[in-house]
Protein chains: 2
Amino acid sequence: MTNSPATIRRSKVTLRDIATRAGCSTATVSTVLNNARGNTRLSPDTQKRILEIARRMNYRPNHAAQSLASRRSRTLGLYVAPAPWSSFGNPHYEGLLLRGIEKACREKKYRLLVVNLQGDESPDACLQEVRQQRVDGMILIQSGAMGDYTRRLLDILPHAALIDAVCPGTQAISVMFDNTAAMDLAVEHLVSLGHRRIAFIGSCIVPPLTDSVQRREGFLRAMKSRALEVPPAWVFDAASSGVEFDVTEEYCQLEGDRAARMLFSHPDPSKRPTALIAYNDIVAAGALRRLQEKGLSVPGDVSLVGVDDSDLARILRPTITSVRQPLEEMGFQAAGRLIERIEPAEKTSPEAPLTDNVISFPPTISIHQSTAPPKDDVAG
Amino acid sequence: MTNSPATIRRSKVTLRDIATRAGCSTATVSTVLNNARGNTRLSPDTQKRILEIARRMNYRPNHAAQSLASRRSRTLGLYVAPAPWSSFGNPHYEGLLLRGIEKACREKKYRLLVVNLQGDESPDACLQEVRQQRVDGMILIQSGAMGDYTRRLLDILPHAALIDAVCPGTQAISVMFDNTAAMDLAVEHLVSLGHRRIAFIGSCIVPPLTDSVQRREGFLRAMKSRALEVPPAWVFDAASSGVEFDVTEEYCQLEGDRAARMLFSHPDPSKRPTALIAYNDIVAAGALRRLQEKGLSVPGDVSLVGVDDSDLARILRPTITSVRQPLEEMGFQAAGRLIERIEPAEKTSPEAPLTDNVISFPPTISIHQSTAPPKDDVAG
DNA sequence: ATGAAAGCGCTAACAC
DNA sequence: GTGTTAGCGCTTTCAT
């Protein structure tokens, strides 16, 4: 007999139903189905029999009952802090993180509750969900945008994972992208092509994003370590520009545009950079546009490196060489480790030294059309 | 006394705690807090007192217990069918829908469970969640990609809302974008500028997406109703092209590129279209790129209209005139109406005629730089 | 106007 | 090895 829709529909099968059929108690059934009590004290036949009956009856545990009794919901909450500088978040960033998070949840049989993703729910909602036993832990994205509130929240949340943020003094897991290494990689790529005059275009957002600051510092360090000079005027970002931007959807482009305009207004070509590193692909797109409007060829006259390796990088012509964050893996680790923390330490390892709270992920680089050796290596 | 973190943390306040403090039974507290029994049979003082105590103790109902007893989880499930033609979905589309969905959920005090969003969970998961009482209803996106399976699923799911899909014979709510009107709007815009030779570039995906087919048909109808001719060679899509594409992230661009190449290879300019309507902004981007490489100016030589009004449309130069779907509103309505169906018909309206199952949403158009009057109206 | 009591379906001691 | 038992925190019917 197959499981016709009607069969499935009607089957409000409970533990007791199975117990009855199997001629044993609900406790036994529960133990078998949960593989509890060390899986060993039950007679193999009983186990087989119960499992078989449960399968045949298409039993599914009632989640509410399970949570109520066990005090665990096997659910993670996802909170993406609304970003004041963008009404829409960064779909590329969040989308890939989510992929990894979903994967980890699936593997560990957890579910994901959206506390906030594209909406503008207040961070307090995280607390509510935990207090209502709806989630066992929270994954926080863009918690940098929450300022001090993050710390207060983490003091209260029993289990949390931060992505691209740290909060010292709390037990929260942090999963970080190594922005310093990212810039070193970008610089290394350009230098290996022969570039020596490289400029940096950060994000124009005020107050400055942690990311942008880290990338700027990483850039400067990478240049310094190679004994390459960086005129102050070649570093653009919110801090350096006196300009107040009207922060719109185009925020990043504007900065790229402005920076490119200023960098290449110098009459003496030897006083201009031969390559640009942008905060992300959108900034790079803004710069590219301006360069092309000025009649400069990319990568002929100027090489361009972005960050994110997003679709945009492949849609533009030339396609943009871009530093890639392992976002999916970061999401996977954030959720995976969070779940490990939540699960009672019933794993074989008796006193496994708690894994580090903070994990850092290295960049890779996707080389596309926008980078090439500089026109003349002479004026370097 | 303020709610210090510690206070909040420890407060595992239950109904009983409140009942004790208030000197009444848990039943009374429950009734008051739920505004049940018509809100009237309880003495106003009791109500006030209980509410005040609950507030002071910062009471939050345990969700599992509530669900178990009431048999409703006040949670919607979100299932985005994995799209075989894209490893990453359409962040613009799903992101905006999600915004609306989240808004509706927040307003009605529902929560959203991710059954599948960027992952590749099988549709069966929808059933599981319902059967486990984890969700009261499901929102299905891209269910077209599920083929026949959709219908079987809907036969079983008690409450579901489809976005951009219909499934006749089921009770599922359908929230649709009016693709026909969209194309009429695009054609109308171009015609009002003076264009008469207009081509259409669909999606190259095989099998053809419903959207793409509808837009092609809508385009043809819009042209016909204006007595404008469309040579067969001016309609590009999966069906018309014999070409099999390697469906990658760039899928749409390729089509735009190919179409533009072919459309403008004709030596006689008067045999070429003066305007292009693309399936979406990505296709438009591909076409734009090819046009510019051919030395054709947009909108000088050719006007270009996309669909989605995405970030991309504003990043490209020229910015792309694009037809916009009211995605946020569509998501809002899908979730809102689904919740209304779920809630017991306890609303004032005794026998409110069930709202229609299928709702259609009209397009608007965002006019940007890529459309202008044709160069010479003569050869029309 | 209020309360007692019976579950909702499951888990986890603890007893046998 | 397996069953008994006592809840988990809430809703809801029915007495009072």
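We use all heavy atoms of the structure for the numbers below, so side chains are in, but hydrogens, waters and symmetry mates are not. So that the names make sense, note that chain A is the first sequence line, chain B the second, and so on, each numbered from 1.
In this structure, the CZ atom of A/Arg16 is 10 Å from the P atom of C/dC10, given to the nearest Å. Look at OH on B/Tyr59: it is 7 Å from C1' on D/dG9, rounded to the nearest Å. Counting to the nearest Å, the P atom of D/dT11 and the CD1 atom of B/Ile18 are 11 Å from each other. A straight line from CZ of B/Arg72 to P of D/dC10 spans 17 Å, rounded to a whole angstrom. In this structure, A/Ile50 places its CD1 atom 14 Å from P of C/dC10, rounding to the nearest Å. Rounded to whole Å, the distance from CG on A/Leu33 to P on C/dC10 is 9 Å. In this entry the distance linking CG of B/Asp45 with P of C/dA1 reads 11 Å, nearest Å. For the pair A/Leu68 CG and D/dG7 P, the interatomic distance rounds to 14 Å; values are reported in whole Å.
Each of B/Pro44 and A/Ser30 has a nearest nucleotide on DNA chain C; the 5'-most of these lies closest to B/Pro44. Take the nearest nucleotide of DNA chain C for B/Ser70 and for B/Gly23: the residue whose nucleotide is more 5' is B/Gly23.
The side chain of B/Thr14 contributes no N or O atom lying less than 4.0 Å from OP1 or OP2 of D/dG9. Between C/dC8 and A/Asn62, no contact under 4.0 Å exists linking OP1 or OP2 to a side-chain N or O. Neither OP1 nor OP2 of C/dG9 sits under 4.0 Å from any side-chain N or O of B/Gln133. Within the structure, every side-chain polar atom (N or O) of B/Gln66 is placed at least 4.0 Å from both OP1 and OP2 of D/dG9. Checking the phosphate oxygens (OP1, OP2) of C/dA1, no side-chain nitrogen or oxygen of B/Ser43 falls inside 4.0 Å. Distances shorter than 4.0 Å separate some side-chain N or O of B/Thr28 from OP1 or OP2 on C/dG3.
A/Glu328 pairs by the salt bridge (Lys or Arg N to Asp or Glu O under 4.0 Å) definition with A/Arg99, not counting sequence neighbours.
Electrostatic pairing of A/Arg111 and B/Glu121 counts as a salt bridge here, judged by a charged N lying under 4.0 Å from a carboxylate O. Salt bridge status for A/Glu52 with A/Arg55: present, with a side-chain N to carboxylate O gap under 4.0 Å.
Between A/Leu15 and A/Ser30 the shortest heavy-atom distance is CD1-CB, 3.8 Å. Annotation for B/Asp136 and B/Arg74: closest pair OD2-N, 2.7 Å, computed over non-hydrogen atoms. The nearest pair of heavy atoms linking B/Tyr149 to B/Pro123 is CE2-CB, 3.4 Å. When all heavy atoms are compared, the tightest approach of A/Ile101 to A/Gly331 is CG1-O, 3.5 Å.
Backbone-only engagement by B/Thr46 is indicated by non-hydrogen atom pairs under 4.0 Å involving sugar-phosphate atoms exclusively.
Across D/dG3, C/dA4, D/dT11, the shortest atom-to-atom separation from the side chain of B/Ser25 is found for C/dA4. Distances were taken from every side-chain heavy atom of B/Thr31 (C-beta onward) to each of D/dC10, D/dG3, D/dT12; the shortest belongs to D/dT12. Out of C/dA5, D/dC8, D/dG3, the shortest distance to the side chain of A/Ala69 is found at D/dC8. Between C/dA4, C/dC10, D/dT4, one nucleotide has an atom nearer to the side chain of A/Ala27 than all others, and that is D/dT4.
Helix-axis bend for the helix from C/dA1-D/dT16 to C/dC16-D/dG1: the local axis fitted to the five terminal pairs at one end deviates from that at the other end by 40°, rounded to 10°.
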Which side-chain N or O atoms in residues 158-170 of chain B pair as donor and acceptor under 3.5 Å with protein atoms at least two apart or in another chain?
residue, atom, partner, partner atom, Å
B/Asp164, OD1, B/Phe177, N, 2.9
B/Asp164, OD2, B/Tyr93, OH, 2.6
B/Thr170, OG1, B/Cys167, O, 2.6

